[in-house]
Amino acid sequence: MVGLVTDIGLKRSLNEDSAAYVENEYFKLYVVADGMGGHNAGEVASKMATTEILNYVQNNFKSESNEDLLIEAIGKANECIYEYSKTNKNLNGMGTTVTACLITKDYEQVANVGDSCCFGINISNKEMKKITKDHSLVQELVDSGSISESEAVNHPKKNIITRALGTEHRVSVDIFPIKNRIYDMYLLCSDGLTNELTRDEILEIILQENEYNSVANKLVEKAKLNGGRDNITVLLFGGEM
(Lines give C-alpha, C1' and ligand atoms only; values in the text may rest on other atoms or scores of the structure.)
Protein backbone atom coordinates (compact mmCIF):
# COMPACT_ATOMS: atom_id res chain seq x y z
CA MET A 1 0.00 0.00 0.00
CA VAL A 2 1.41 3.35 -1.10
CA GLY A 3 0.20 6.94 -0.97
CA LEU A 4 1.87 9.36 -3.38
CA VAL A 5 0.91 12.97 -4.05
CA THR A 6 2.99 15.77 -5.54
CA ASP A 7 1.51 19.25 -5.81
CA ILE A 8 2.74 22.56 -7.21
CA GLY A 9 1.54 24.44 -4.11
CA LEU A 10 0.08 27.94 -4.18
CA LYS A 11 3.04 30.19 -4.93
CA ARG A 12 5.24 28.44 -7.51
CA SER A 13 4.70 28.40 -11.27
CA LEU A 14 6.47 25.05 -11.75
CA ASN A 15 6.61 21.80 -9.78
CA GLU A 16 10.30 20.94 -9.36
CA ASP A 17 9.60 17.94 -7.10
CA SER A 18 9.71 14.37 -8.34
CA ALA A 19 8.79 11.08 -6.69
CA ALA A 20 8.81 7.46 -7.80
CA TYR A 21 8.83 3.93 -6.41
CA VAL A 22 9.09 0.29 -7.38
CA GLU A 23 7.86 -2.78 -5.50
CA ASN A 24 8.61 -6.38 -6.43
CA GLU A 25 9.24 -9.72 -4.73
CA TYR A 26 12.91 -8.87 -4.03
CA PHE A 27 12.86 -5.27 -2.82
CA LYS A 28 10.88 -2.09 -2.40
CA LEU A 29 12.41 1.28 -3.26
CA TYR A 30 10.94 4.75 -2.75
CA VAL A 31 12.50 8.08 -3.79
CA VAL A 32 11.60 11.77 -3.39
CA ALA A 33 13.66 14.59 -4.95
CA ASP A 34 13.28 18.36 -4.83
CA GLY A 35 14.90 20.34 -7.64
CA MET A 36 16.86 23.28 -6.35
CA GLY A 37 14.82 26.45 -6.50
CA GLY A 38 16.58 29.44 -8.03
CA HIS A 39 18.76 27.21 -10.21
CA ASN A 40 18.30 26.22 -13.83
CA ALA A 41 16.32 23.10 -14.67
CA GLY A 42 15.61 21.95 -11.13
CA GLU A 43 12.69 19.95 -12.44
CA VAL A 44 15.02 18.14 -14.84
CA ALA A 45 17.48 17.33 -12.06
CA SER A 46 14.82 15.93 -9.71
CA LYS A 47 13.30 13.77 -12.44
CA MET A 48 16.73 12.47 -13.44
CA ALA A 49 17.49 11.63 -9.80
CA THR A 50 14.39 9.50 -9.24
CA THR A 51 14.68 7.78 -12.62
CA GLU A 52 18.40 7.02 -12.37
CA ILE A 53 18.18 5.70 -8.81
CA LEU A 54 15.28 3.36 -9.60
CA ASN A 55 16.95 2.13 -12.78
CA TYR A 56 20.29 1.51 -11.09
CA VAL A 57 18.80 -0.53 -8.25
CA GLN A 58 16.60 -2.57 -10.59
CA ASN A 59 19.53 -3.30 -12.92
CA ASN A 60 22.04 -4.14 -10.20
CA PHE A 61 20.03 -5.79 -7.43
CA LYS A 62 21.16 -9.34 -6.68
CA SER A 63 19.77 -11.97 -4.36
CA GLU A 64 22.72 -11.65 -1.97
CA SER A 65 22.86 -8.67 0.38
CA ASN A 66 24.47 -5.49 -0.99
CA GLU A 67 24.03 -2.74 1.56
CA ASP A 68 26.07 -0.31 -0.58
CA LEU A 69 23.60 -0.50 -3.45
CA LEU A 70 21.56 2.56 -2.49
CA ILE A 71 24.67 4.69 -2.01
CA GLU A 72 25.96 3.49 -5.39
CA ALA A 73 22.64 4.35 -7.05
CA ILE A 74 22.58 7.88 -5.64
CA GLY A 75 26.22 8.36 -6.63
CA LYS A 76 25.41 7.27 -10.18
CA ALA A 77 22.45 9.66 -10.33
CA ASN A 78 24.67 12.49 -9.10
CA GLU A 79 27.20 11.77 -11.84
CA CYS A 80 24.51 11.68 -14.54
CA ILE A 81 23.01 15.00 -13.45
CA TYR A 82 26.41 16.65 -13.18
CA GLU A 83 27.52 15.49 -16.63
CA TYR A 84 24.19 16.45 -18.19
CA SER A 85 24.40 19.95 -16.68
CA LYS A 86 27.58 20.55 -18.69
CA THR A 87 25.89 19.85 -22.04
CA ASN A 88 24.02 23.16 -22.10
CA LYS A 89 24.87 26.46 -20.43
CA ASN A 90 21.20 26.89 -19.51
CA LEU A 91 21.52 23.80 -17.31
CA ASN A 92 24.59 25.03 -15.47
CA GLY A 93 24.15 24.77 -11.70
CA MET A 94 21.07 22.58 -11.72
CA GLY A 95 20.74 20.25 -8.74
CA THR A 96 18.35 18.42 -6.48
CA THR A 97 17.89 17.01 -3.02
CA VAL A 98 17.03 13.34 -2.61
CA THR A 99 15.78 11.03 0.10
CA ALA A 100 15.27 7.33 -0.53
CA CYS A 101 14.28 4.17 1.31
CA LEU A 102 15.28 0.65 0.26
CA ILE A 103 13.58 -2.34 1.89
CA THR A 104 14.69 -5.91 1.22
CA LYS A 105 14.19 -9.23 2.97
CA ASP A 106 17.59 -8.75 4.65
CA TYR A 107 17.70 -5.08 5.56
CA GLU A 108 16.06 -1.66 5.53
CA GLN A 109 17.91 1.58 4.97
CA VAL A 110 17.28 5.25 4.32
CA ALA A 111 19.61 7.67 2.51
CA ASN A 112 19.55 11.39 1.92
CA VAL A 113 21.31 14.35 0.37
CA GLY A 114 19.92 17.83 1.06
CA ASP A 115 16.84 18.70 3.09
CA SER A 116 14.12 16.39 1.80
CA CYS A 117 13.52 13.98 4.65
CA CYS A 118 12.26 10.64 5.89
CA PHE A 119 10.17 9.90 8.98
CA GLY A 120 9.54 6.51 10.56
CA ILE A 121 6.12 6.00 12.14
CA ASN A 122 5.18 3.53 14.86
CA ILE A 123 1.39 3.35 14.89
CA SER A 124 0.90 1.41 18.14
CA ASN A 125 3.08 3.86 20.09
CA LYS A 126 1.74 6.87 18.19
CA GLU A 127 5.30 8.00 17.53
CA MET A 128 7.04 9.56 14.56
CA LYS A 129 10.82 9.97 14.34
CA LYS A 130 12.85 11.91 11.79
CA ILE A 131 15.43 9.47 10.42
CA THR A 132 17.37 11.74 8.09
CA LYS A 133 19.39 14.82 9.00
CA ASP A 134 19.19 17.91 6.80
CA HIS A 135 22.21 19.17 4.94
CA SER A 136 21.37 22.83 5.42
CA LEU A 137 22.83 26.02 6.81
CA VAL A 138 20.22 26.17 9.55
CA GLN A 139 20.93 22.57 10.62
CA GLU A 140 24.61 23.48 10.93
CA LEU A 141 23.66 26.46 13.11
CA VAL A 142 21.56 24.18 15.33
CA ASP A 143 24.38 21.62 15.56
CA SER A 144 26.87 24.31 16.57
CA GLY A 145 24.52 25.68 19.23
CA SER A 146 24.22 29.05 17.50
CA ILE A 147 20.42 28.77 17.34
CA SER A 148 17.81 26.55 18.98
CA GLU A 149 15.48 24.07 17.29
CA SER A 150 12.58 26.48 17.84
CA GLU A 151 14.53 29.34 16.27
CA ALA A 152 15.32 27.15 13.27
CA VAL A 153 11.65 26.69 12.39
CA ASN A 154 11.21 30.22 11.02
CA HIS A 155 14.82 31.11 10.30
CA PRO A 156 15.10 33.36 7.20
CA LYS A 157 17.86 31.16 5.72
CA LYS A 158 16.23 27.79 6.39
CA ASN A 159 16.06 26.90 2.69
CA ILE A 160 19.79 27.20 2.04
CA ILE A 161 21.14 23.68 1.56
CA THR A 162 24.78 22.69 1.90
CA ARG A 163 24.74 19.50 -0.15
CA ALA A 164 22.89 18.47 -3.32
CA LEU A 165 22.97 16.05 -6.23
CA GLY A 166 24.42 17.32 -9.49
CA THR A 167 26.45 20.31 -8.35
CA GLU A 168 29.77 18.44 -8.06
CA HIS A 169 31.25 15.37 -9.76
CA ARG A 170 30.99 13.41 -6.50
CA VAL A 171 28.59 13.66 -3.58
CA SER A 172 28.63 12.40 0.00
CA VAL A 173 25.53 10.37 0.86
CA ASP A 174 24.27 9.83 4.41
CA ILE A 175 22.96 6.32 5.01
CA PHE A 176 20.78 5.23 7.95
CA PRO A 177 20.36 1.50 8.61
CA ILE A 178 17.01 0.63 10.22
CA LYS A 179 17.32 -2.18 12.75
CA ASN A 180 14.70 -4.76 13.66
CA ARG A 181 11.99 -3.34 11.38
CA ILE A 182 10.80 -1.01 14.12
CA TYR A 183 8.56 1.19 11.95
CA ASP A 184 5.08 0.37 10.66
CA MET A 185 5.34 2.93 7.89
CA TYR A 186 7.60 5.56 6.41
CA LEU A 187 7.01 9.07 5.12
CA LEU A 188 9.30 10.62 2.51
CA CYS A 189 8.63 14.27 1.74
CA SER A 190 10.02 17.47 0.32
CA ASP A 191 10.41 20.51 2.55
CA GLY A 192 7.22 21.93 1.08
CA LEU A 193 5.46 19.73 3.63
CA THR A 194 7.72 20.18 6.66
CA ASN A 195 7.94 23.96 6.22
CA GLU A 196 4.15 24.21 6.54
CA LEU A 197 3.24 21.48 9.06
CA THR A 198 4.71 20.63 12.44
CA ARG A 199 5.57 17.02 13.21
CA ASP A 200 2.59 16.85 15.56
CA GLU A 201 0.27 18.01 12.78
CA ILE A 202 1.70 15.42 10.39
CA LEU A 203 1.36 12.58 12.89
CA GLU A 204 -2.18 13.59 13.81
CA ILE A 205 -3.31 13.29 10.19
CA ILE A 206 -1.51 9.96 9.75
CA LEU A 207 -3.20 8.48 12.83
CA GLN A 208 -6.65 9.64 11.68
CA GLU A 209 -6.65 7.66 8.43
CA ASN A 210 -6.09 4.04 7.39
CA GLU A 211 -5.81 4.56 3.64
CA TYR A 212 -2.42 5.84 2.49
CA ASN A 213 -3.59 7.92 -0.47
CA SER A 214 -6.15 9.63 1.74
CA VAL A 215 -3.41 10.48 4.25
CA ALA A 216 -1.14 11.82 1.50
CA ASN A 217 -3.91 14.00 0.08
CA LYS A 218 -4.85 15.37 3.48
CA LEU A 219 -1.23 16.22 4.30
CA VAL A 220 -0.91 18.16 1.04
CA GLU A 221 -4.24 19.91 1.60
CA LYS A 222 -3.19 20.96 5.09
CA ALA A 223 0.16 22.26 3.82
CA LYS A 224 -1.67 24.39 1.26
CA LEU A 225 -4.07 25.68 3.90
CA ASN A 226 -1.05 26.73 5.93
CA GLY A 227 0.43 28.69 3.04
CA GLY A 228 1.56 26.29 0.31
CA ARG A 229 4.63 28.41 -0.38
CA ASP A 230 6.59 25.63 -2.09
CA ASN A 231 6.01 22.46 -4.08
CA ILE A 232 4.73 19.69 -1.82
CA THR A 233 5.47 15.98 -2.24
CA VAL A 234 4.35 13.16 0.06
CA LEU A 235 5.25 9.47 -0.34
CA LEU A 236 3.83 7.20 2.37
CA PHE A 237 4.34 3.44 2.49
CA GLY A 238 4.46 0.42 4.79
CA GLY A 239 7.67 -1.03 6.18
CA GLU A 240 6.84 -4.70 5.65
CA MET A 241 8.49 -6.83 2.98
Side-chain angles (χ1 to χ4, degrees), residues 1-6 15-36 41-88 91 94-114 116-118 120 131-132 135 163-179 181 183 185-190 212 233-241:
M1 187 161 54
V2 178
L4 171 57
V5 178
T6 184
N15 190 349
E16 294 186 318
D17 286 0
S18 180
Y21 68 94
V22 60
E23 297 179 329
N24 58 42
E25 62 179 309
Y26 304 108
F27 67 86
K28 302 195 298 183
L29 175 63
Y30 310 85
V31 186
V32 165
D34 179 357
M36 291 165 58
E43 74 280 9
V44 177
S46 64
K47 181 63 176 178
M48 285 184 69
T50 56
T51 300
E52 292 293 338
I53 292 168
L54 259 65
N55 286 345
Y56 188 92
V57 173
Q58 290 183 96
N59 292 335
N60 292 277
F61 186 86
K62 299 177 181 178
S63 57
E64 64 269 20
S65 177
N66 178 6
E67 296 188 34
D68 292 328
L69 183 60
L70 188 54
I71 293 178
E72 294 168 1
I74 294 173
K76 180 62 175 178
N78 176 77
E79 183 180 334
C80 290
I81 296 166
Y82 178 73
E83 293 299 330
Y84 186 65
S85 72
K86 296 192 296 184
T87 64
N88 187 320
L91 302 176
M94 75 178 190
T96 183
T97 71
V98 69
T99 184
C101 180
L102 176 61
I103 300 173
T104 76
K105 296 175 182 177
D106 298 321
Y107 61 89
E108 297 178 53
Q109 56 184 206
V110 173
N112 83 299
V113 176
S116 295
C117 57
C118 174
I131 297 170
T132 52
H135 303 126
R163 198 185 303 177
L165 260 64
T167 58
E168 302 287 345
H169 183 65
R170 298 189 184 280
V171 68
S172 177
V173 181
D174 286 356
I175 195 82
F176 303 89
I178 310 300
K179 304 296 184 182
R181 305 195 182 272
Y183 299 115
M185 66 176 69
Y186 292 94
L187 168 66
L188 302 185
C189 62
S190 61
Y212 285 23
T233 296
V234 173
L235 180 50
L236 189 71
F237 51 93
E240 73 285 343
M241 180 63 200

Any donor-acceptor N/O pair, S190 side chain to T233 backbone, under 3.5 Å: yes
Say whether, by atom type as modelled, one donor and one acceptor occur between the side chain of D17 and the main chain of V32 under 3.5 angstrom. no
Restricting to non-hydrogen atoms, name the atom on N78 and the atom on G166 that form the minimum distance, rounded to 0.1 Å. OD1-N, 2.7 Å
Is there a side-chain hydrogen bond (donor to acceptor under 3.5 Å, both in side chains) between S18 and S46 once you walk through the steps? CA-CA 6 Å; S18 180; S46 64; 4.8 Å; no
Would you compute the distance between atom OG1 of T99 and atom CG of L235 and round it to the nearest 0.5 angstrom? 9.5 Å
Identify the residue among R181, K179, K28 that makes a side chain to side chain donor-acceptor pair (under 3.5 Å) with E108. R181
Minimal non-hydrogen separation, E72 against Y56, with atom names: OE1-OH, 3.4 Å
Between D174 (side chain only) and A111 (backbone N and O only), is there a donor and an acceptor less than 3.5 Å apart? no
Has Q58 got more than 12 heavy atoms of other residues, nucleotides or ligands less than 6.0 Å from its CD? yes
Beyond-backbone contact of E16 with M36, side-chain heavy atoms, under 4.5 angstrom: no
To the nearest 0.5 Å, what is the distance between NZ (K76) and CG (L165)? 13.0 Å
Could you grab the distance from atom CG of L188 to atom CG of L4, nearest 0.5 Å is fine? 10.0 Å
Step by step, work out the side chain to side chain contact (heavy atoms under 4.5 Å, CB included) result for I131 and N112. CA-CA 10 Å; I131 297 170; N112 83 299; over 6 Å; no
What do the steps show when you test T104 against F61 for side chain to side chain contact (heavy atoms under 4.5 Å, CB included), and what is the final call? CA-CA 10 Å; T104 76; F61 186 86; 3.8 Å; yes
Are more than 12 heavy atoms from other residues, nucleotides or ligands located less than 6.0 Å from atom OH of Y107? yes
Would you name the heavy atoms of C101 and V110 that are closest together and state the gap between them? SG-CG2, 4.0 Å
Between T132 and C118, is the side chain to side chain contact (heavy atoms under 4.5 Å, CB included) condition met? List the steps. CA-CA 6 Å; T132 52; C118 174; 4.0 Å; yes
Please report the shortest heavy-atom distance between T50 and V31, naming the atom on each side. CG2-CG1, 3.9 Å
Heavy-atom pair of closest approach, residues A33 and A49: CB-CB, 4.2 Å
Under 3.5 Å donor-acceptor, T51 side chain and M48 backbone: no
Candidate list F176, Y21, Y30, F237, test ring-ring contact (aromatic ring centres under 6.0 Å, His included), partner Y186, passing option: F237
Which heavy atom of L91 sits nearest to which heavy atom of A41, and what is that distance? CD2-CB, 3.4 Å
